[in-house]
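Reading through the structure tokens given below for one structure.
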Amino acid sequence: ALIAVLIIFLIPKSSIKISENEKLVSGDDFNLAIPKDWIENKVTPLMYQFSPPDSSKENPESVTFTVTYLPANYPYSLEQIFEAGINSSKAVMANFSVTEGPIAGKFGNTDGLSIRFLGSSNGYNLEFSQVASLKFNNLYTMSHICLRGNCKYSDVYNSIKSSFMPVDKR
């Protein structure tokens with residue numbers, strides 16, 4: 001009986017399938033898969049940036065992933081969070097315009113919202129694809145950022161997005 005109890009505790013709460021061309025990125029609250037040759041930069045304990053090997057100052061394409069802890073009775077919906085994000089982006093980003101969304105869709109194995117928008121920052125004209133979901137009192141957000149008209153890794157963004165699995169750390 002003790003062995004059965006130990007086995008239950010040793011089984012991971014979430015598991016993710018990794019191909020031979022991918023590597024696992026995991027935190028207390030999530031698992032996801034990125035290409036093996038991509039550069040992983042843990043910006044903070046709750047923010048990651050993933051870049052292809054050919055990303056440069058001249059072509060700064062990347063995928064960012066963040067986890068934001070929320071209080072247990074967080075009063076805002078994902079739709080309200082997106083609306084607030086759009087309004088603040090209009091105020092701080094030159095040439096900001098929404099090209100698609102927000103629309104309902106999947107973020108890994110969770111329900112989420114996605115949006116596509118354009119804007120200028122630090123002299124770059126950029127395209128953004130973003131998806132977010134609320135799960136386990138966390139806001140999970142993933143963004144693909146690339147130069148307008150030069151998004152070479154949209155398929156990789158979609159693959160990373162599909163691999164996402166939130167983890168209930170409780």
* **K135 and D168 ion-paired at < 4.0 Å** => no
* Please lay out, stage by stage, how F96 and F117 fare under the test ring-ring contact (aromatic ring centres under 6.0 Å, His included). => CA-CA 7 Å; F96 177 84; F117 58 96; 5.3 Å; yes
* To do: Determine whether the side chains of D29 and Y140 contain a donor N or O and an acceptor N or O closer than 3.5 Å.
  => no
* **N59 side chain reached by K152 side chain, heavy atoms, under 4.5 Å** => yes
* Asked: Is there side-chain contact between M165 and L32, with heavy atoms separated by less than 4.5 Å?
  -> no
* Asked: Same cluster or not: are L46 and I160 linked, directly or through other Ile, Leu, Val, Met, Phe, Trp or Tyr residues, by side-chain heavy atoms under 4.5 angstrom apart?
  -> yes
* To do: Could you give me the CA-CA distance, side-chain angles and deciding distance for H144 and S154, then say whether side chain to side chain contact (heavy atoms under 4.5 Å, CB included) is met?
  => CA-CA 8 Å; H144 177 220; S154 295; 3.6 Å; yes
* Please say whether more than 12 non-hydrogen atoms of neighbouring residues, nucleotides or ligands are located less than 6.0 Å from CD in E83. => no
* To do: Please list, chain by chain and in numerical order, all residues satisfying salt bridge (charged side-chain N to carboxylate O under 4.0 Å, His left out) with R116, sequence neighbours excluded.
  => E127
* To do: Mark yes or no for whether S55, through its side chain, and S51, through its backbone, hold a donor-acceptor pair below 3.5 Å.
  => no
* To do: Decide yes or no on side chain to side chain contact (heavy atoms under 4.5 Å, CB included) for L126 and C146, but give the supporting numbers first.
  => CA-CA 6 Å; L126 301 169; C146 52; over 6 Å; no
* Aromatic ring pairing Y76/Y74, orientation class (parallel under 30°, perpendicular over 60°, tilted between) -> perpendicular
* Mind checking whether L139 and I81 have side chains closer than 4.5 Å, heavy atoms only? -> yes
* Applying side chain to side chain contact (heavy atoms under 4.5 Å, CB included), run through R148 and S120 and close with a yes or a no. => CA-CA 9 Å; R148 194 173 307 169; S120 299; 4.3 Å; yes
* Connected via hydrophobic side-chain network under 4.5 Å: L70 and L113 -> yes
* To do: Check I39 against P52 and note the closest heavy-atom contact, atom names and distance.
  => CD1-O, 4.3 Å
* Please answer: with hydrophobic residues joined when any side-chain heavy atoms are less than 4.5 Å apart, are F128 and Y153 in the same cluster? => no
* State yes or no: are the ring centers of Y48 and F30 separated by less than 6.0 Å? => yes
* Identify whether V63 and V67 are in the same connected component of the hydrophobic contact network (ILVMFWY, side-chain heavy atoms under 4.5 Å). => yes
* Asked: For A33, does its backbone N or O pair with a side-chain atom of S163 as donor and acceptor, under 3.5 Å?
  -> yes
* Approximate separation, where rounding is to 0.5 Å, of K57 NZ and N122 CG -> 9.5 Å
* Keeping the roles fixed (side chain from S159, backbone from D155), state whether a donor-acceptor pair exists under 3.5 Å. => no
* Straight-line distance of N41 CG to T64 OG1, nearest 0.5 Å -> 11.0 Å
* For the pair K36 (side chain) and E20 (backbone), establish whether a donor and an acceptor sit closer than 3.5 Å, ignoring hydrogens and angles. => yes
* To do: Under the side chain to side chain contact (heavy atoms under 4.5 Å, CB included) rule, what do Q130 and M142 come out as? Steps first, then yes or no, please.
  => CA-CA 6 Å; Q130 190 173 74; M142 185 177 291; over 6 Å; no
* Is the backbone N or O of V43 less than 3.5 Å from a side-chain atom of Q49, with the two atoms forming a donor-acceptor pair by type? -> no
* To do: Treat each ILVMFWY residue as a node, draw an edge where side-chain heavy atoms are under 4.5 Å apart, and state whether V98 and L78 are in one component.
  => yes
* Asked: Counting only N and O atoms by type, is there a donor-acceptor contact under 3.5 Å from the side chain of K23 to the main-chain atoms of W38?
  -> yes
* Structure fact -> Here the gap from N125 atom CG to L147 atom CG, rounded to the nearest 0.5 Å, amounts to 8.5 Å
